[in-house]
Amino acid sequence: MISWFEFETEVFSRQLKMYGHVVRNSNWNETIYEYAVKFTMDEWAHAEINRMVNLLAIRMRQKSSLPSGLFWQDEKQAYFAKADSSDPQVV
């Protein structure tokens, strides 16, 4: 049985909502797990997300400021350390 999940994020001041299911998981340590997700979307949504990711990659290569959105630009461990804190906005 496949469990479907809904993912929401923001890129270039646009809300993105995607649906997918877990295809693989592994643990980094005893409290942090990594999941690979296969997203399901129509061709238009796929093309739009690819366009935004390409624009984001260009901006990052140019070392200019990132567009508005939900981004983490530090080490993964720092993100999860912050997520373990009392800040409810992180995850």
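Since the structure is predicted, the reported quantities are computational estimates derived from the model, not experimental observations.
- Distance check, rounded to the nearest 0.5 Å: OH of Tyr33 to CG of Asn25 gives 8.5 Å.
- Under the ring-ring contact (aromatic ring centres under 6.0 Å, His included) criterion, Phe39 pairs with Phe7, sequence neighbours left out.
- Partners of Tyr19 according to the side-chain hydrogen bond (donor to acceptor under 3.5 Å, both in side chains) rule, which considers only residues two or more places apart in sequence or in another chain, are Glu6.
- Separating the CE atom in Met52 from the CG atom in Leu16 is a distance of 4.0 Å, to the nearest 0.5 Å.
- Two residues are said to be in side-chain contact when any heavy atoms from C-beta on lie closer than 4.5 Å; Thr40 and Trp4 meet this criterion.
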Side-chain donor-acceptor distances from residues 41-49 under 3.5 Å, at least two apart:
from: Asp42; atom 1: OD1; to: Trp44; atom 2: N; distance (Å): 3.3
from: Asp42; atom 1: OD1; to: Ala45; atom 2: N; distance (Å): 2.7
from: His46; atom 1: ND1; to: Asn50; atom 2: ND2; distance (Å): 3.4
from: Glu48; atom 1: OE1; to: Arg51; atom 2: NE; distance (Å): 3.4
from: Glu48; atom 1: OE2; to: Arg14; atom 2: NH1; distance (Å): 2.3
from: Glu48; atom 1: OE2; to: Arg51; atom 2: NH2; distance (Å): 2.8

Practice item. Show your reasoning for whether side chain to side chain contact (heavy atoms under 4.5 Å, CB included) applies to Phe5 and Val37. Key: CA-CA 9 Å; Phe5 297 93; Val37 175; over 6 Å; no
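- A 4.5 Å side-chain heavy-atom check between Tyr35 and Arg24 finds every atom pair outside the cut-off.
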